[in-house]
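Counting starts at 1 for both ligands and their atoms, in listed order. These values consider heavy atoms only, across backbone and side chains, with no hydrogens, waters or symmetry-generated copies. Worth saying up front: this structure is predicted, and the values here are computed from it rather than measured.
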Amino acid sequence: MGPRAARLPASTALARLAKRITRRTARIGVIGLGYVGLPLAVEFAKEGFSVTGIDLDLARIAGVNRARSYIPDVASEDLRRLRRANRLRATTSFETLGRQDAVIICVPTPLRKTREPDMSYILSATKEIARRVRRGQLIVLESTTYPGTTEEVVLPALEAGGLKVGKDFSLVFSPERIDPGNPNYTTRTIPKVIGGVTPQCTRLATALYGSVIQQTIPVASSKVAEMVKLLENTFRAVNIGLVNEVARICHRLGIDVWEVIDAARTKPFGFMPFYPGPGIGGHCIPSDPMYLAWKVRVHGSEARFIELATQINSGMPEYVVERVARALSDRRKALNGSRVLLLGLAYKKDVNDLRDSPAFDVARVLSERGARVSYHDPCVPSVILNGARQTSHPLTAATLRHAECVVILTNHSQVDYDLVLRQARLIVDTRNQYGALARRPGHVVRL
Ligand SMILES: NC(=O)c1ccc[n+]([C@@H]2O[C@H](COP(=O)([O-])OP(=O)(O)OC[C@H]3O[C@@H](n4cnc5c(N)ncnc54)[C@H](O)[C@@H]3O)[C@@H](O)[C@H]2O)c1
């Protein structure tokens, strides 16, 4: 639904905002300029809106204001153009919030050590808005969170000063669905789900997002929109859990799981391929389902698929180490004392994001079992591994020959896999990098 199709609100203050959206004169504030907030701020600014980003991280503020991008999907050239046109700026001061027509919250939602939601970022951003909320404003929460957050946590704080949602201001949840590093789908081209606290809130936010995003999907409430995001990421976590279990079953039965998946995916309907690996990582897939599981527990029930998938996925690093130990043992070598080179530490291909990467668990378990662990990752020059700083070993014939075993954990594109194949003594390939070879040499072991 585009801005013209949306029926816009009657209340004067809100109708004024609707007009400002259509004319691109609305001022937009984005709280949190990370993987989600910065690309979104840039899209609004490109469309002609005046955008102010607010973040606590001074390096990120300087990055935006000096047009030096720190997010791979945002070009510094775009920042330069928008800075010159005076359409984008960044600040650490929340004072600007009162001047914004729309405020979009894109702060982190990690887990606490107890695996419970860490709501502190949303709470603190909400508090800053609540101090300054005024008639006519549209507030949007984009951070992934449990169903009910917008109505149970954000709304009471915003109404505490006496303003009323739907009449004085609008409140909406709209989940972000970007896939960093994916050139085929971007903020602008991924359909945007929008759920307001009132139908009027939904209409206003649909008009705003419809001005920069190709397709908007209004839903009945903020709770529905919150649940949509959790369904999507739980779907991924559960299916990855399933395929990881199938990989272990196939290994036991002497069946090539990769061939099974390739054949299964030829079915034109009813099947979607997921692939096994050393575990799940990143800011979203390991954490988001836990937000739902927590909320379900609060209601006295349990999310059994989530618990099971978490258990299977978090057991994969240990399983990979077991396979390394077995592969060495088959060659009359012990894991204890062996040099193991890990290829790829980032949680996924061609990104430098290390958050929750299962590579760290693989490294830890290897080291607990006496292996001497080093790594090569073209996207990660240096890192703390097993409590000590290590730098990425250059990928040379000597490095590869020096290791008793090379373990491919993430198959970045820029690695010379032919060199690895020629020089490594033993390769444990958790990503099927060598799947396409006509005949696999005996020194390559796949998951
Ligand atoms: N990264 C993804 O691929 C992705 C995709 C979809 C949804 N999400 C969700 O979007 C949200 C943001 O994720 P992200 O990856 O952009 O996180 P991020 O860590 O890259 O960025 C968050 C930014 O918020 C800032 N911040 C923290 N507290 C703040 C506060 N009180 N005021 C102002 N700024 C504050 C941080 O300094 C940081 O720059 C999370 O809920 C995440 O689950 C992320």
Side-chain angles (χ1 to χ4, degrees), residues 29-43 52-65 69-74 90-97 100 103-112 117-132 139-147 149-150 153-154 157 173-183 185-187 190-193 213 225-226 228-237 280-292 346-357:
V30 176
I31 305 184
L33 293 171
Y35 287 90
V36 167
L38 186 61
L40 189 69
V42 164
E43 285 311 324
T52 304
I54 302 140
D55 204 294
L56 306 175
D57 184 330
L58 291 174
R60 290 193 157 177
I61 298 299
V64 173
N65 289 339
S69 178
Y70 45 85
I71 299 288
D73 294 336
V74 172
T91 173
T92 53
S93 165
F94 290 91
E95 287 313 318
T96 180
L97 287 177
Q100 305 305 316
V103 177
I104 307 178
I105 308 172
C106 305
V107 296
T109 43
L111 292 176
R112 295 191 182 283
D118 178 353
M119 299 299 288
S120 58
Y121 300 89
I122 289 185
L123 286 173
S124 100
T126 301
K127 208 160 106 193
E128 297 292 350
I129 300 170
R131 279 195 194 130
R132 301 165 178 93
I139 313 296
V140 184
L141 178 61
E142 284 220 6
S143 303
T144 309
T145 180
Y146 60 80
T149 304
T150 308
V153 177
V154 182
F173 183 81
S174 179
E176 181 51 65
R177 304 158 114 182
I178 49 150
D179 181 17
N182 185 338
Y185 298 100
T186 60
T187 303
I190 300 171
K192 196 91 174 93
V193 172
I213 291 173
E226 287 158 340
V228 167
K229 175 71 187 178
L230 292 185
L231 171 63
E232 290 166 4
N233 281 1
T234 300
F235 175 84
R236 278 190 67 73
I280 50 176
H283 182 41
C284 299
I285 307 299
S287 313
D288 298 353
M290 305 312 288
Y291 271 67
L292 182 57
Y347 84 93
K348 76 171 181 178
K349 193 173 172 163
D350 299 337
V351 301
N352 61 1
D353 195 341
L354 293 167
R355 291 181 288 183
D356 269 329
S357 175

Regarding ligand 1, does R60 bring an N or O atom to under 3.5 Å of one of the ligand's N or O atoms? yes
Return the residue, atom name and 0.1 Å-rounded distance of the protein heavy atom closest to atom 31 (N) of ligand 1. S124 OG, 2.9 Å
Quick test of your reading of the structure: of L40, L56, T92, whose heavy atom lies closest to atom 29 (C) of ligand 1? L56
Give the residue, atom name and distance (to 0.1 Å) of the protein heavy atom nearest atom 32 (N) of ligand 1. F94 CZ, 3.3 Å
When you measure from atom 41 (O) of ligand 1 to every protein heavy atom, which one gives the shortest distance, and what is it? T109 OG1, 2.6 Å
Would you say E128 contacts ligand 1, with heavy atoms under 4.0 Å as the rule? no
Checking the N or O distance criterion of under 3.5 Å, is ligand 1 in contact with T144? yes
Of the protein's non-hydrogen atoms, which lies at the shortest distance from atom 7 (C) of ligand 1, and what is that distance? E176 O, 3.5 Å
With distance as the sole test, does N233 use its side chain to make a donor-acceptor pair with the main-chain N or O of D288 at under 3.5 Å? no
For Y35, is at least one N or O under 3.5 Å away from an N or O on ligand 1? yes
Let's go through D179 and Y185 carefully: what are the C-alpha distance in whole Å and the side-chain angles of both, what is the deciding distance for side-chain contact (heavy atoms from CB on, under 4.5 Å) to 0.1 Å, and is it a yes or a no? CA-CA 7 Å; D179 181 17; Y185 298 100; 5.9 Å; no
Which distance, rounded to the nearest 0.5 Å, do you find between the CG of D73 and the CD1 of I178? 6.5 Å
According to side-chain hydrogen bond (donor to acceptor under 3.5 Å, both in side chains), who are the partners of Q100, at least two apart in sequence or on a separate chain? T96
heavy-atom search around atom 33 (C) of ligand 1 in the protein gives I31 CG2, 3.4 Å
Atom 39 (O) of ligand 1 [closest protein heavy-atom partner, distance rounded to 0.1 Å]: D55 OD2, 2.6 Å
Heavy atom of K127 under 4.0 Å from ligand 1? no
Looking at atom 16 (O) of ligand 1, what's its closest protein heavy atom, distance included? V36 N, 2.9 Å
Determine whether a donor-acceptor pair (N or O, by modelled atom type, separation under 3.5 Å) exists between the side chain of D118 and the backbone of P110. no
Using side-chain hydrogen bond (donor to acceptor under 3.5 Å, both in side chains) as the criterion, list what pairs up with E43, not counting sequence neighbours. R188
Among all the protein's non-hydrogen atoms, which is closest to atom 17 (O) of ligand 1, and how far away is it? R355 NH1, 4.0 Å
Say whether, by atom type as modelled, one donor and one acceptor occur between the side chain of S143 and the main chain of V107 under 3.5 angstrom. yes
